[in-house]
Amino acid sequence: MREQSRDAFYLLIVVVAGLLTAVYFLHIAAAEAGQGVPPWSAVFAIAIVVMALFLREPVDKTAVYPQKSPHNPQPLRNFLHSFSPKHVLLLFMAVICLVYSLTIIPQLDLTDSYLLVTLAWLAAVGLWLTAVLLPENRTRTNTDEHGLGLVAVSKYHKNQAQSEKSASQNSSSNRPPNSTIKDLSAFVRVRPRPMLLLLLLLTALLLRVWRLETIPFTLGGDEASQGLEAVRVLNGTLRNPLGTGWLGVPTMSFFFNSLTIALFGRTIFGLRIAWALVGTANVLATFLLVRRLAGEKMGWLTAVLLATYHYHIHFSRLGSNQIADPLFLSLALWLLVRALDENKRRDWALVGLVCGLAFYFYAGARLTPVVVLAVIAYQFICAPRYFWWQHQTGLLIMLLTFLITAAPMLQYAVRFPDEFNARLNTVGIFQSGWLEREVELRQQGQAAILWDQFRRSAMAFTYYPDRTVWYGLRQPLLDPFFGVLFLMGLLFGTVKLLWWRQEQVVAPLVAWWWGGMLLGGMLTESPPSSQRLITLAVPTCFLIALALWEVGELVKTAVSGNGTQTNADERGRGEIVLNGLLVLAVVVFAAISLNTYFNSAVPQRLYGGEHAELATELAPRLNALKDDHRFFFVGAPWMYWNFATLPYLVADAEAADVGEPPELPPVSTNLLEDKGLVYIFLPERWDELTAVQQALPNGVVEEVVSVNGRLLATLYIVDH
């Protein structure tokens, strides 16, 4: 056995022993359901594993960040001098449209039409992008078209792409007549990656739309509230797409959701399908991002993990806009890496566009420009003079595109800061005064409380279960084995980011994870709250993939060595072993994840809470009765008829709430003249049913029972 293989074998023993030890401690801790002491022993074991990985000789990765002289610098003065009269005219028109939109918006009220100002804003964005991307008044050189590669692609991949292209052209030129089946098979052979990617996306879509109407069974109250806002868009009572609405959520997302409700009706499917498509698109964006950063295999590995991750699947199946958060960040970082790599105006402009559009969806999407700025700042700190000289024009384009795209929402933030920051003011530990209250309640200092917030957020994937009904999973978001791999990838990536400036592959996704954990977890109330951490699903899958890759590389080296002395057979054997381990890990992850969601979480109806479950159970029965019955909801102060799931699913029903005790349900026989009556009693007010039965004795009692046998409500139905 060669010396390098022997050293790798010894390190592999240390790594495997450390991983198994960490898995053991996490498995033991899982029985505590997050109520005991976090498994710091597991973290210590993983730290030893990471140290062992850093001891091995670094190997050449598929993609690295090279330190080269710039080949495509774009000084700002050249950018300004390149403007022709046509560019100036487009810019002038963009300014006119934007000024018009921002001037008129404050003059409009809720009943006015926002169509013209919205079109003017879109025209401003389009004209600006056209002006920026319009060819300059000079002949482009090869240097203009191909900038400095921040992510270097090996000659092997370039030659492979050229051979595939030539093979495709040859197959087209030699095509026999009437050979559709042969054409298809040839396309599959020549273009396997697009076909595999299409298969992956179809699988991801299937996992997100299969039985979408009933998985999860419960239509949550927040889901339905967003559905009602989308219905308001359709009936014309919500007209402003450039502001905020329910709970300070930007109204643009309701306009987006209204498209599928208009197409599929006021149903659970119509509400949820839009976000299932967004979740599927996130898988594609993740593949593009990671492939650009770390190579083809890492792209596939991360995308497959994300496509089958139960946490991401669950939020992709909800009629709520949080799943857009990771999509915006994936797209923005992918475009940013392209911009840093090729230094093209198009990519810089698209980065600003995506960051600006993020402001029109959930508040969590505002993390997008934060992470983008963090990555840019990191690059600038590493090489300030080089970075500024190389990218000053691109940075200006990105900034201006962002400001133009986000301008109406930024204006709204200035005019109505409380409405714009409504969610942050409600859940932020500083903005809401939560931290001060906790100091008094716990009799602890702020540092101790902040540390508790930090560890609960940081260990949401490995120890602490969800504290909300948004998911309600009674275990961490990862099983012990892949939880250990995630911690290993996180620690390895973080240390690598801080120590090795020349290898920055992990920088964007590590910054994403830490930024999302701190801003969406630690600095908000009741962590871990799954709806605020969903953006971390993408970097979490990447960090698992990173750990698998590093362990696999160690196994490969132990099997075949790594160097010119290794013969082709040994290298081939090592590559087969590496690929086999990665495929096996993906299959195991998918099996555990899909079983966790579809066989464990879904049947228990953990999502939504009992009131949402009751409303979802009631809806079909009440829809069958609403035409010839009026409803009295006896649930105050615990639940009211306007709990959003009921009015969304049971539209246009004649219903009224019965006030809090001692107010009793109305029992006059005059109410039966034209319609029957349905009284809906929550268990807390079940004792009032007797009085109604005595006054109206000819009714029928029906019980609404949860899947676990718990009584949710009692119906008393009296026909007229």
Side-chain angles (χ1 to χ4, degrees), residues 212-238 246 254 257-258 260-273 318-320 469 605 607-659 665-666 671-672 674-685 689 692 699-707 711-720:
L212 188 59
E213 192 88 10
T214 56
I215 297 179
F217 170 82
T218 303
L219 179 67
D222 284 355
E223 273 189 279
S225 294
Q226 295 179 60
L228 290 174
E229 292 292 289
V231 170
R232 290 182 59 210
V233 172
L234 295 176
N235 62 30
T237 57
L238 178 57
W246 168 80
F254 307 140
N257 212 167
S258 69
T260 55
I261 293 178
L263 185 61
F264 297 104
R266 189 169 170 169
T267 61
I268 296 177
F269 183 86
L271 174 60
R272 289 176 172 174
I273 184 62
L318 301 184
S320 189
V469 295
R605 297 186 183 177
Y607 163 70
E610 61 179 24
H611 289 167
E613 182 184 1
L614 166 62
T616 310
E617 285 276 13
L618 280 176
R621 181 67 173 133
L622 297 185
N623 277 321
L625 295 170
K626 69 180 182 181
D627 292 336
D628 51 7
H629 289 77
R630 58 174 55 91
F631 307 138
F632 289 101
F633 197 84
V634 191
W638 297 274
M639 182 180 176
Y640 297 87
W641 175 264
N642 63 359
F643 183 83
T645 305
L646 284 171
Y648 178 79
L649 293 178
V650 189
D652 304 321
E654 186 179 348
D657 285 301
V658 177
L671 297 172
L672 293 171
D674 57 339
K675 285 187 175 183
L677 302 175
V678 178
Y679 296 88
I680 306 166
F681 294 90
L682 256 61
E684 292 85 352
R685 298 188 63 174
L689 173 60
V692 176
V700 177
V701 176
E702 293 184 5
E703 291 185 342
V704 181
V705 181
S706 174
V707 67
L711 179 66
L712 297 175
T714 302
L715 304 184
Y716 187 66
I717 305 171
V718 185
D719 295 324
H720 69 88

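Owing to the predicted nature of the structure, the values given are computational and were not obtained by experimental measurement. Numbering of residues begins at 1 and proceeds along the displayed sequence.
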Q | Distance in Å, Asn642 CG paired with Ser225 OG, rounded so as to fall on 0.5 Å steps | A | 9.5 Å

Q. Is it the case that Tyr648 and Gln226 place a side-chain donor and acceptor less than 3.5 Å from each other?
A. no

Q.
Among residues at least two apart in sequence or on other chains, which ones pass salt bridge (charged side-chain N to carboxylate O under 4.0 Å, His left out) with Asp674?
A. Arg630

Q. From Leu689 CG over to Ile680 CD1, what is the distance, rounded to the nearest 0.5 angstrom?
A. 12.5 Å

Q: Take Arg621 and Glu702 through the salt bridge (charged side-chain N to carboxylate O under 4.0 Å, His left out) test and state the conclusion after the steps.
A: CA-CA 11 Å; Arg621 181 67 173 133; Glu702 293 184 5; 2.9 Å; yes

Q.
Is it the case that the side chain of Lys626 and the backbone of Ala651 share a donor-acceptor pair, with hydrogens and angles ignored and the cut-off at 3.5 Å?
A. yes

Q | Heavy-atom closest pair, residues Leu212 and Arg272 | A | O-NH1, 3.0 Å

Q. Side chain of Asp719, backbone of Gly676: donor and acceptor closer than 3.5 Å?
A. no

Q: Grab the two heavy atoms, one from Pro683 and one from Leu712, that are nearest each other, plus how far apart they are.
A: CD-O, 3.0 Å

Q: Output yes when a side-chain donor or acceptor of Thr645 lies under 3.5 Å from a complementary backbone atom of Leu219, and no otherwise.
A: yes

Q) Just by distance, do the side chain of Arg685 and the backbone of Ala636 share a donor-acceptor pair under 3.5 Å? A) yes

(Q) Within this structure, what is the NE2-CG distance for the pair His629 and Leu672, rounded to the nearest 0.5 Å? (A) 9.0 Å

(Q) Distance check, rounded to the nearest 0.5 Å: Ile717 atom CD1 versus Leu622 atom CG? (A) 8.5 Å

Q.
Looking at every non-hydrogen atom in both residues, tell me the closest pair between Gly221 and Ala644 and how far apart they are.
A. O-CB, 3.4 Å

(Q) For a quick test of reading the model, state the closest non-hydrogen atom pair linking Ala619 to Val650 and the distance between them. (A) CA-CG2, 3.8 Å

**Q.** From Phe633, Phe632, Phe631, residue fulfilling ring pair (Phe, Tyr, Trp, His ring centres under 6.0 Å) relative to Tyr679
**A.** Phe632

Q. Does any non-hydrogen side-chain atom of Leu682 lie less than 4.5 Å from one of Leu614?
A. yes

**Q.** With Glu213 via side chain to side chain donor-acceptor pair (under 3.5 Å) - residues at least two apart
**A.** none

Q: State, to 0.1 Å, how close Ala612 and Phe643 come at their nearest heavy-atom pair, and which atoms those are.
A: CA-CE2, 3.6 Å

**Q.** pair Leu271-Asn257: side-chain heavy atoms closer than 4.5 Å
**A.** yes

Q) For Thr616 and Leu649, which heavy atoms make the closest approach, and how far apart are they? A) CA-CD1, 4.4 Å

Q: Let me see the working for Glu617 and Phe217 under side-chain contact (heavy atoms from CB on, under 4.5 Å), right down to the final yes or no.
A: CA-CA 9 Å; Glu617 285 276 13; Phe217 170 82; 3.6 Å; yes

Q.
Main chain of Gly270, side chain of Thr260: is a donor-acceptor contact present, judged purely on distance under 3.5 Å?
A. yes

Q) If you round to the nearest 0.5 Å, how far is CD1 of Ile261 from CZ of Phe254? A) 10.5 Å

Q | Check: Gly220 main-chain N/O paired with Glu223 side-chain donor or acceptor under 3.5 Å | A | yes

Q. So do the side chains of Ser706 and Glu610 get within less than 4.5 Å of each other, counting heavy atoms only?
A. no

Q) Got a second to check how far Ile215's CD1 is from Ile268's CD1, nearest 0.5 Å? A) 12.0 Å

Q: Could you tell me whether the side chain of Val231 reaches within less than 4.5 Å of the side chain of Ser258, counting heavy atoms only?
A: no

(Q) For Val634, is there any backbone N or O sitting under 3.5 Å from a side-chain donor or acceptor partner on Asp657? (A) no

Q: Would you check if the side chain of Tyr716 reaches a backbone N or O of Gly699 as a donor-acceptor pair within less than 3.5 Å?
A: yes

